[in-house]
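The block underneath contains the structure these notes are about, expressed in structure tokens.
The chains referred to below are lettered A, B, ... by the order of the sequence lines, with proteins before strands, and numbering in each begins at 1. Just so you know, these numbers use all the heavy atoms, side chains as well, and skip hydrogens, waters and symmetry mates.
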Amino acid sequence: MIGRIYDMTVVGSGPAGLTAAIESSRLGCKRVAVIDENFVTGGQLFKQIHKFFGSKDHYAGIRGFRIGELLLKEVSDLGVETVTNAAIIGMFDAQADIKRLVTAGADRVGEILSKKVLVASGAMENTVSFPGWTLPGVMGVGAAQTMMNIYRVRPGQRVLVLGAGNVGLIVAYQMLQAGIEVVGVVEAMSRIGGYQVHADKIRRMGVPILLSHTVKEAIGKEYVEKVVVVELDENQKEVPRSEKPFDADALCLAVGLTPNTELTRLAGCKHIFNRELGGLVPLHSERMETTIDGIYVAGDVAGIEEASVAIDEGRLAGTSVAEDLGMISSESAAKTSKERWIRLCELRSESFGEPRKRAKISIVEEYWKVKGNQMGSKKRWFTEINTERAPSAKASRNAPSIKSNDNRKGPRAIIECYQEIPCNACETGCNFGAIKVGFPMTNLPDLDLDRCKGCGICVAKCPGLAIFVVDTSYSEKEATVSLPYEMLPVPEVGQEVEVLGKLGGFVCKGKVIRVVHTKDFDETRVVTISVPKECATEARFIRVAKRSGK
Amino acid sequence: MPELKTEVVVVGGGLIGSSIAYYLSERGIDVVLLEKSGLCLETSGACSGMCFIQSKKPGPTLRLALKGLEEYDILRKELSYPFEYRQTGGMILVENNSELELMESFVRSQKENGLDVKIISVKEAREKCPSLTENLVGTTYSPLDCQIDPLNLNVGLIEGVKKNGGTILLGVSAEKIGVKNGEIKSVETNEGTKIATDFVVNAAGVHAHEVGAMVDVNVPVMPKRGQVIVTEKLPELLPVPMLDVKYIMAKVRPSARKEAASKPEKLDVGLAIEQTVAGTILSGSTRELVGYDTGVTFQAMTAIARIMLRYLPVLENFAMIRAFSGLRPCTPDGYPIIGEASTVRRFVVAAGHEGDGVALAPITGKIVSEIVARGAPPFPIDEFSPKRFDGKQLS
Amino acid sequence: MLGRFGDQNKVTIHLDGKEIEAYDGDSVAAALWGSDVKVFNHSLRFREPRGPACMIGLCNCCDMIVDGIPNVRTCIIPVRNGMKLSVQGKTK
Amino acid sequence: MNEGECQVVICRCEEVTEEEIREAIRKGARTFSEIKKITRAGMGICQGKSCQRLVNRILAEMTGRSVEQLGFDTPRPPLRPIKLAVFKGTD
């Protein structure tokens, strides 16, 4: 490593770092290195056992750890060097043409000289303080994920989760998958911050979500034994005598993330505080370059967003590095970057994305203010996008529901996806062209009943587990419901199961009549059960008894 | 313009300024202290807490340091704010015979100046500090050296000033000093307040030159960067703070000072190492003339760590968690500048203590308070007078 | 959902004299937590129990004495057969 | 939580309590850096990674400023603890 000068060094090997390395070396950069302080590359991807949202280009419908495997294969095929177990302890000569990164491993320090540095250092988990928050058993939700999904150790037997954002909801679901009892998800806000589909996944399994509540205290002698939850009024003040004790041996904090900007701050890049993006973020151009020439950012470090955004930002930054190293022309860089930015705008549209889109644009504008508006050709395409206001959206807004005049016989899909999530996995998954999302992908899916065969592929494909197939004409008294199932044990055909409703309440008994699983479904089984007809609209989950003797 | 009235305005809220303000307020003198940044944010917030007496050059500085020690003894009883004062004794590590020769003559002349100090064997030194390497020819030892927490002392002094009725203005700087007929009249602040005052004390540390320039008094203080590395918290490994001979040489030999100044690219490290009450080990430091840059460099971190490991090999098992740098206010001749200016009456300078600020802060406070209250220092301090720089410009 | 990864070699680590079985490739913190060890150290000032909280080497809550060396972040070091661990710090 | 209600640790490395942070602010500290120097919060082995946000919240609440206005401490190398043994070598 010593003596070489790298074209590009990527700090952090999560989705943003890996895609940036892939993009820049695909475009001709020769000496590209990815540095990570962990044992393994992949950042948080290997903790993510759920399927991702987004489009095909963002690996939608694929589980996070598999995306990690795909990206790592691409990285190694392209000859990108990966260095693990190397924490970056500092960046020196940040302003110079050749930047000096110093790494520390277990027994040595190393120096990496590089023309361009991409900081894709991700995020750090936030914490909150309350009496008992330092007790063993109180941990970040990321820690719980590491225990479960990397080491297959349960963080607790009975766990309370604080925070109903996407991270809290997803990990609560993963805990259920790991056989942990989730005693509740507590959220200080009066609404669920994450996607409803994620909330629905755990609610149908009976997990209560307590809104306008927070943790008052964690109690225990040596570790958490009890967690006291308290209600909050509209001013976020505790409601007197509203304490509710929960027996729990672990409390997982999912109270947000902060961009991990230590390295960009140390290097001297200009930063700005932006609440929408999770705190202090480095100013960066539409090309992802910071206020210091040759230092770029991508992913959560540039603002807390989603993996799909990180993937596109990584590609955007990779293209800029290739351009700045003279591997591609400014025209061709501008062309692809413009398309990428438009797609980033697409990911950032509608209720969940719009505030972040505005925040990102303000970061770029602030960057140009600092840089003295020396716009030139680089800025031009960005100005064009802003005037075009792409994507203007609000194209289709058909609420997917069973229409009352729907007298069709046979199975049909029911899509319970009511929020503008940037995802079109159902559209690309359907072999019959029955589901339309279109542009932008935040559109709600529209089901064409004439084309829907009720095949159930979309049930397995939807990363939000929000699609069901119902056949009300199964028999005279019974209907069938096909639902996605990712738990153990797997039910067997003929087995009688308890059927649960949307909020996890007991609905009826049901009988398993089919279990479909293909490699393509990747462990999401489509289980078809028969239930009394009147229960078909409510039946959304099954409880499979553990069979004795196994 | 809002107006205030006081007897003394102290410019600078570091250890020197806060100590002066404290001693003044103890005498019932009305004082306003201006600190342009905040609490412990400058030199006094970025140094170690070693209060070495035996490192002082025999002569006026050593005499001052010995008086300073007495002052500490009073202060630790008087100040209601604990600042981790402990008289641990101190050592200077001697690695070879040529260093030994130098230290023998240094110790001899210190003894002649009344300091309790001696040279001890490696065995004796290792009894006092078992982690010390065997690869030494001996060490000096003085029981008088002590350690304090400079941050707590700074805050404690400021709290003391407040308790005595003094005014502390944080985030406020002096912009203009009004002089009439060669006498101090007022200070105008960046907030637009005009403070009518009889005295101004320039305790602005590395910015003392700028404050002096407001009244055309040459106060040639320059910033010298000292980088320090910090370990994680450790069990007691260093009961005694230590210096190496290079530290002493740089201080006492004018030729060494000149040499260092002529070769800025060569990193000059004089080791000073102590363990704090919290358990961390602070190890420094470089002396670099790099203006007001308070960055840290990998080169310095490495150099300091290597020297430290040479003397204390056991530390290799432990981690360094932080590095920081502070700007030491240094003067052309290595002596602090303390006393009334010759051209402006009641403009008192107290700056340029370089690495001796911790040891000399209380005594400087006492001296300045006497100059203000009685018109003269408690004992002659002509060597430190600002007059010695009259007519000379800071190069 | 994923089940256990293939066959892994078992190793034995020692916590204050007690033998604990772990799997190759596990971090020390995960192996201990999986064996119901919850208290990794007691804090210096208030002598409170502490255990893993970030699992990525940032918070130092899982520090232990490992083979005689204190303040080792057990969440980012792998288990090794024969490793000797001690809970760090004194209780109240 | 109301002031002084219970001893809650804010900086878990150095075990600095909420009350101690509040006391430092009452003494005149207006930035995280000053609170760090006065209380040791953020001076420990994690270098303020977890407590800086918590401290800033208390600062914002007590001084009536928004978190945006508070500013952040400048990180210094090493960004991670490094074993001193890695520096061994000749001078």
Test item: side-chain donor near acceptor, [X] and [Y], under 3.5 Å:
X: A:Asp233; Y: A:Asn235; value: no
X: A:His284; Y: A:Lys360; value: yes
X: A:Ser13; Y: A:Thr41; value: no
X: D:Glu20; Y: D:Thr17; value: yes

Which portion of [X] sits near chain A, non-hydrogen atoms under 4.5 angstrom:
X: D:Asp73; answer: backbone
X: D:Ile82; answer: side chain
X: D:Arg57; answer: side chain

Can you tell me which of D:Lys49, D:Arg12, D:Arg53 forms the most heavy-atom pairs within a distance under 4.5 Å of chain A? D:Arg53
Quick one: of D:Ser50, D:Pro75, D:Pro77, who has the most non-hydrogen atom pairs under 4.5 Å with chain A? D:Pro75
Taking the side chain as every heavy atom from C-beta outward, state whether A:Thr261 and A:Pro282 have any pair of such atoms under 4.5 Å apart. yes
Heavy-atom pairs under 4.5 Å with chain D are the metric here; pick the option from A:Leu280, A:Asn126, A:Val128, A:Leu263 that has the most. A:Asn126
Against chain D, label A:Glu37 side chain, backbone, both or neither, depending on which of its atoms sit under 4.5 Å from a heavy atom there. side chain
Before you tell me yes or no, could you show the steps for D:Arg22 and D:Glu19 under salt bridge (Lys or Arg N to Asp or Glu O under 4.0 Å), namely the whole-Å CA-CA distance, both residues' side-chain angles and the distance that decides it to 0.1 Å? CA-CA 5 Å; D:Arg22 290 181 183 276; D:Glu19 186 44 38; 5.1 Å; no
